[in-house]
Amino acid sequence: MTISHNSAVFFHYTLTDKDGNVLDKSPEGQPLGYLHGHGNIIPGLEKQMLGKSVGEQFKAVIEPADAYGEYQQAAVQAVPREHFQGVDNIEVGMQFQTQMGEQVGLVTVTAVADDNITVDANHPLAGKQLIFDVEIADIREATKEEIDHGHIHGEGGAHH
Ligand code: ZN
């Protein structure tokens, strides 16, 4: 069986940047599961999974446009410190949830001054070329319910 639309796919991966730094990795013995063709994983990786079979190993090099997008300078903003009431020690690297209408986002503090806090709403991996070392662990047909939901259930998937 090879990966096609509506396959439930389980794979091991190691994600590195172009300098070889490991950014993420599936835990030992716990492959990541996703439903193929539903945008569960980044588009560039999903594209390269098509047609692969169990046991196959490959390297996928994915440009930012097919991963977490280009880095947007406009997403970096200085916010008056008084907007952070109730937070005592604001430090570079802290992350805060934001809400604009229905959109829930995550911003990372990149600079701290007396009056202003600079926050960056880019995804931490925006603008980065991503290199995935992938090994396909398992492939099965998705259930009708999984296809309706657009994600897989059970081990490696959603529990509900
Ligand atoms: Zn579901």
Q: Determine whether M49 and L130 fall in the same hydrophobic cluster, where Ile, Leu, Val, Met, Phe, Trp and Tyr are linked whenever their side-chain heavy atoms lie under 4.5 Å apart.
A: yes

Q: State yes or no: do M94 and V107 share one hydrophobic cluster built from I, L, V, M, F, W and Y residues joined by side-chain heavy-atom distances below 4.5 Å, directly or via other members?
A: yes

Q: Which atoms form the tightest heavy-atom contact between I139 and I136, and what is the distance?
A: CG1-CG2, 3.8 Å

Q: Is there a side-chain contact between Q129 and V61 (heavy atoms, below 4.5 Å)?
A: yes

Q: Applying side-chain hydrogen bond (donor to acceptor under 3.5 Å, both in side chains) as the test, list every pair that has at least one member in residues 41-53; sequence neighbours left out.
A: S53-E56

Q: If you take all heavy atoms of I147 and L35, which pair is closest and at what distance?
A: CA-CD2, 4.0 Å

Q: Please, which pairs that meet side-chain hydrogen bond (donor to acceptor under 3.5 Å, both in side chains) have at least one residue in residues 72-98, sequence neighbours excluded?
A: Q95-T108

Q: Does anything in residues 6-25 form a salt bridge (charged side-chain N to carboxylate O under 4.0 Å, His left out)? List the pairs, not counting sequence neighbours.
A: none

Q: Taking all atoms of both residues into account, what is the closest heavy-atom pair of I62 and A67, and its distance?
A: CG2-CB, 3.9 Å

Q: What verdict does the side chain to side chain contact (heavy atoms under 4.5 Å, CB included) test give for F84 and V112, after you've listed the backbone C-alpha separation in whole Å, the side-chain angles of each residue and the deciding distance to 0.1 Å?
A: CA-CA 12 Å; F84 291 85; V112 177; over 6 Å; no

Q: Could you state the interatomic distance from CG (D138) to OG (S7), rounded to the nearest 0.5 Å?
A: 10.5 Å

Q: Determine whether Y68 and I131 fall in the same hydrophobic cluster, where Ile, Leu, Val, Met, Phe, Trp and Tyr are linked whenever their side-chain heavy atoms lie under 4.5 Å apart.
A: no

Q: Looking at every non-hydrogen atom in both residues, tell me the closest pair between N116 and P80 and how far apart they are.
A: OD1-CA, 3.5 Å

Q: May I ask you to decide if P31's main-chain N or O and S26's side chain share a donor-acceptor pair within less than 3.5 Å?
A: no

Q: Once you round to the nearest 0.5 Å, how far does CZ of F96 lie from CD1 of I90?
A: 5.0 Å

Q: For a quick test of reading the model, state the closest non-hydrogen atom pair linking A113 to I117 and the distance between them.
A: O-CD1, 4.4 Å

Q: Honestly curious: do L15 and V9 fall in one hydrophobic cluster under the side-chain, below-4.5 Å linking rule?
A: yes

Q: Any donor-acceptor pair under 3.5 Å linking the side chain of N40 with the backbone of G150?
A: yes

Q: Nearest 0.5 Å, please: how far is CD in E135 from OH in Y13?
A: 14.5 Å

Q: Is there a side-chain contact between F132 and I41 in this structure, where contact means two heavy atoms from C-beta onward sitting under 4.5 Å apart?
A: no

Q: Can you name the nearest heavy-atom pair linking L50 to S4, along with the distance?
A: CD1-CA, 4.0 Å

Q: Would you call F11 and L32 a side-chain contact if the rule is heavy atoms closer than 4.5 Å?
A: yes

Q: Just wondering, do L45 and V134 contact through their side chains at under 4.5 Å, heavy atoms?
A: yes

Q: Applying side chain to side chain donor-acceptor pair (under 3.5 Å) between N6 and each of E141, H38, H36, report the one that passes.
A: H38

Q: With a 4.5 Å cut-off on side-chain heavy atoms, are I42 and L125 touching?
A: no

Q: Quick one: pull up NZ in K128 and OG1 in T16 and give me the separation to the nearest 0.5 Å.
A: 11.5 Å

Q: Are V87 and V92 grouped together when hydrophobic residues (ILVMFWY) are joined by side-chain heavy atoms under 4.5 angstrom apart?
A: yes

Q: Parallel, tilted or perpendicular for H153 and H149, by the 30°/60° rule?
A: perpendicular

